[in-house]
Amino acid sequence: MPPLRHLFVYGTLKRGECREACWPLPPTAVRPAWTLGDLFDTGPYPALLSGKALVGGEVWSYREEEMAQVRQTLDAIEGTDQPGQANEYDRALSVAYLLNGHAVQVELYRYAQPERLANCVRVTPWLEWQGRRFAVWPIGVNWPNMQRDGH
C-alpha cells in the first residue's frame with residue numbers, strides 16, 4: 001500500500017463542524033490527535049499560531065495520489081496561495097500526536113496574519129483528558145470524541 005499523508009485540523013474542517021462536507025475525497029482514516037500551538041477564537045473559526053499549548057483536533061489521512069486534490073481544495077478554503085490575495089493561512093509541516101502517543105508528520109494550516117488576532121480571545125487549555133489540559137475549538141466540544149456536550 002502506498003504511504004499515507006496526514007493533515008491535522010483543529011476547526012471548521014473537523015467532523016461535526018460546518019466545513020466537514022468540504023473535503024473533496026473521503027479519508028482513509030480520521031483519528032483524534034493533538035499538536036502544539038496557540039489557538040485563537042476569531043468568532044466563526046479558529047486560528048493557530050506556533051506555541052506550546054496542547055491543541056486538540058483530528059488527523060485526516062489520505063493516499064499520496066489523493067493529496068494534490070485535497071491540498072487544492074483546502075488551500076482555497078483556508079485562503080492559501082490564492083492568486084492576487086495575501087494568505088490568511090499558511091500550509092506548514094508539523095508533528096501531531098495520536099492518542100496512542102504515536103507521532104506523525106502532518107500538514108496543517110497556521111494563521112498567516114497574527115497582527116489581526118489582537119482583539120481575538122486566546123483559547124486557553126480548558127478541557128482535561130488523561131491528566132492533560134487541551135485547547136479545543138469550539139468550546140463545548142467533547143474532544144477526543146468530537147461531539148458537542150449534551151448530544
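Just so you know, residue 1 is the first one in the sequence shown, and it goes up from there. When reading the values below, keep in mind they use all heavy atoms of this one structure, side chains included, and skip hydrogens, waters and symmetry mates.
Closest approach of R122 to A53, counting heavy atoms only: NH2-CB, 4.1 Å. Residues A47 and T42 share a closest heavy-atom pair of CB-CG2, 4.1 Å. Across V106 and A96, no two heavy atoms sit closer than the pair CG1-CB, 3.8 Å. Closest heavy-atom contact between V123 and A135: O-CB, 3.5 Å. When all heavy atoms are compared, the tightest approach of P46 to L39 is CB-CD1, 3.9 Å. Annotation for R110 and S50: closest pair NE-OG, 3.5 Å, computed over non-hydrogen atoms.
At distances below 3.5 Å, at least one donor-acceptor pair connects side-chain atoms of E20 with backbone N or O atoms of G16. Without hydrogens or angle criteria, R133 side chain to P125 main chain gives a donor-acceptor distance under 3.5 Å. Of the possible polar contacts, one joining the T35 side chain to the V95 backbone as a donor-acceptor pair under 3.5 Å is found.
Inter-residue side-chain proximity for Q130 and L99 is flagged as unmet; no heavy-atom pair is nearer than 4.5 Å. Within the 4.5 Å cutoff, the side chain of P24 has no heavy atoms near those of the Q72 side chain. The side-chain heavy atoms of N87 and D81, taken from C-beta on, include a pair separated by under 4.5 Å. In this structure the side chain of K14 never reaches within 4.5 angstrom of the side chain of V30, judged on heavy atoms. In this structure, the side chains of E88 and Y111 come closer than 4.5 Å at one or more pairs of heavy atoms.
Salt bridge present: R5 and E64 bring a charged side-chain N and a carboxylate O closer than 4.0 Å. Salt bridge annotation for R63-E66: present, with a cationic side-chain nitrogen under 4.0 angstrom from a carboxylate oxygen.
To the nearest 0.5 Å, the span separating CZ on R116 from CD on Q113 amounts to 4.5 Å. Atom SG of C18 and atom CG of L13 lie 8.0 Å apart (nearest 0.5 Å). Note that the CD atom of E58 and the CG atom of L98 stand 11.5 Å from one another [nearest 0.5 Å]. L93 contributes atom CG, which lies 14.5 Å from atom CZ of F8 (distance to the nearest 0.5 angstrom). Taking CZ of R31 as the start and CG of N100 as the end, the distance is 8.0 Å to the nearest 0.5 Å. The line from CG of L25 to CE of M67 is 10.5 Å long, rounded to the nearest 0.5 Å.
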Apply the test side chain to side chain contact (heavy atoms under 4.5 Å, CB included) to residues R91 and L74: give CA-CA distance (whole Å), side-chain angles for both, the deciding distance (0.1 Å), then the verdict. CA-CA 9 Å; R91 185 170 13 95; L74 296 187; over 6 Å; no
Report the C-alpha distance between L49 and L117 in whole Å, list the side-chain angles of each, state the deciding distance to 0.1 Å, and finish with yes or no for side chain to side chain contact (heavy atoms under 4.5 Å, CB included). CA-CA 10 Å; L49 298 177; L117 299 175; 3.8 Å; yes
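The ring pair (Phe, Tyr, Trp, His ring centres under 6.0 Å) contacts involving residues 11-31 comprise W23-W60, W23-Y62, where partners must be two or more places apart or lie in separate chains.
Inspection of the Y89 and D75 side chains reveals no N or O donor paired with an N or O acceptor under 3.5 Å. Checking T80 against R71 by side-chain atom types alone, no donor-acceptor pair falls below 3.5 Å.
Placement of L54 and V121 in two distinct hydrophobic clusters is found when ILVMFWY residues are connected by side-chain heavy-atom separations under 4.5 Å, directly or transitively.
In summary, of the residues considered (Y10, W126, W129, W137), a ring pair (Phe, Tyr, Trp, His ring centres under 6.0 Å) with W143 occurs for W129 alone.
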